[in-house]
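What you see below is based on every heavy atom in this structure, not just the backbone, and it leaves out hydrogens, waters and symmetry mates.
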Amino acid sequence: REVAEGKQYQGEDESIAYTIDVSAIGSAPSSVSAVVKDVTNGTVVTATVMPTNVPTVSGNVITLSPLKQLTPSVLYRVEVKYTISGNILENYFLVQGQE
């Protein structure tokens, strides 16, 4: 379930639209949604760090809305849920906020 690339590192002034290629799992993902959690204190912070939150799909690649305004020293968990061939799947990756 965790993406192969492992933990990512992102500075507080950066804005990054992460992508997930689901080709190894299947094709044509649909019903894509994303949730961002602050692992440090266990809260959902999607509205703060991914305010637009409109994932898009092109072929087998899911592109998330930009992740931004991260707090240094906070560990974030980005969960991406989608449907392939009637199966509901979820991948996640960790992002460490840095200065």
Side-chain angles (χ1 to χ4, degrees):
R1 295 179 4 116
E2 183 175 7
V3 299
E5 293 79 9
K7 186 191 292 187
Q8 303 297 302
Y9 296 87
Q10 182 174 329
E12 62 186 331
D13 297 325
E14 296 178 316
S15 176
I16 300 174
Y18 290 95
T19 60
I20 297 177
D21 185 339
V22 299
S23 298
I25 300 168
S27 61
S30 62
S31 303
V32 179
S33 64
V35 174
V36 184
K37 297 178 180 174
D38 176 337
V39 176
T40 306
N41 66 22
T43 58
V44 174
V45 295
T46 311
T48 303
V49 299
M50 192 180 284
T52 306
N53 197 13
V54 182
T56 60
V57 176
S58 178
N60 297 329
V61 177
I62 298 168
T63 301
L64 302 178
S65 296
L67 186 67
K68 55 189 174 182
Q69 300 173 338
L70 302 187
T71 302
S73 301
V74 173
L75 181 63
Y76 297 89
R77 178 181 167 119
V78 180
E79 299 176 351
V80 183
K81 186 167 41 172
Y82 53 93
T83 302
I84 292 180
S85 300
N87 297 307
I88 298 172
L89 306 165
E90 185 176 71
N91 293 113
Y92 73 91
F93 59 95
L94 300 173
V95 180
Q96 180 67 59
Q98 295 184 322
E99 287 187 28

Enquirer: According to a hydrophobic-cluster definition based on side-chain heavy atoms being under 4.5 Å apart (Ile, Leu, Val, Met, Phe, Trp, Tyr only), do Val35 and Val78 belong together?
Expert: no
Enquirer: So that I can tick it off, tell me whether Arg1 and Glu90 are bridged by a salt bridge, with the cut-off set at under 4.0 angstrom between side-chain N and carboxylate O.
Expert: yes
Enquirer: Donor-acceptor check, side chain of Ser65 to backbone of Met50, threshold 3.5 angstrom: yes or no?
Expert: no
Enquirer: Is there side-chain contact between Leu67 and Tyr18, with heavy atoms separated by less than 4.5 Å?
Expert: yes
Enquirer: Taking the basic N atoms (NZ, or NE/NH1/NH2) and the acidic carboxylate oxygens, is any pair closer than 4.0 Å for Glu79 and Arg77?
Expert: yes
Enquirer: Please step through side chain to side chain contact (heavy atoms under 4.5 Å, CB included) for the pair Ile88 and Lys81, ending with a clear verdict.
Expert: CA-CA 7 Å; Ile88 298 172; Lys81 186 167 41 172; 3.7 Å; yes
Enquirer: Please answer whether the main-chain N or O of Ala34 pairs with a side-chain N or O of Asn53 as donor and acceptor at a distance below 3.5 Å.
Expert: yes
Enquirer: For residues Pro72 and Gln98, determine if any side-chain heavy atom of one lies less than 4.5 Å from a side-chain heavy atom of the other.
Expert: no
Enquirer: Taking the side chain as every heavy atom from C-beta outward, state whether Phe93 and Ile20 have any pair of such atoms under 4.5 Å apart.
Expert: yes
Enquirer: Is any side-chain heavy atom of Ile25 less than 4.5 Å from a side-chain heavy atom of Tyr82?
Expert: yes
Enquirer: Do Asn41 and Thr43 pair up side chain to side chain, a donor and an acceptor below 3.5 Å, judged on atom types alone?
Expert: yes
Enquirer: Do Lys68 and Glu14 have side chains that get closer than 4.5 Å, going by heavy atoms?
Expert: no
Enquirer: Please determine whether side chain to side chain contact (heavy atoms under 4.5 Å, CB included) holds for the pair Glu99 and Glu12, giving the CA-CA distance in whole Å, both sets of side-chain angles, and the decisive distance to 0.1 Å.
Expert: CA-CA 5 Å; Glu99 287 187 28; Glu12 62 186 331; 4.1 Å; yes
Enquirer: Transitively linked via ILVMFWY side-chain contacts under 4.5 Å: Val95 with Ile16?
Expert: yes
Enquirer: Is any side-chain heavy atom of Gln8 closer than 4.5 Å to one of Leu94?
Expert: no
Enquirer: For Thr46 and Val36, indicate whether the former's side chain and the latter's backbone hold a donor-acceptor pair under 3.5 Å.
Expert: yes
Enquirer: Any non-hydrogen side-chain atom of Tyr92 less than 4.5 Å from a side-chain atom of Val3?
Expert: no
Enquirer: Among Leu64, Thr63, Val80, which residue satisfies the side-chain contact (heavy atoms from CB on, under 4.5 Å) criterion with Pro55?
Expert: Leu64
Enquirer: For a quick test of reading the model, state the closest non-hydrogen atom pair linking Asn60 to Pro29 and the distance between them.
Expert: CA-CD, 4.1 Å
Enquirer: Is there a side-chain contact between Thr19 and Ile62 in this structure, where contact means two heavy atoms from C-beta onward sitting under 4.5 Å apart?
Expert: no
Enquirer: Closest heavy-atom contact between Gln69 and Val49?
Expert: O-CG1, 3.9 Å
Enquirer: How many angstroms lie between atom CG of Leu75 and atom CG of Asp38, to the nearest 0.5 angstrom?
Expert: 8.0 Å
Enquirer: As a quick check of understanding, evaluate side chain to side chain contact (heavy atoms under 4.5 Å, CB included) for Tyr76 and Val45, giving each step before the final call.
Expert: CA-CA 9 Å; Tyr76 297 89; Val45 295; 3.9 Å; yes
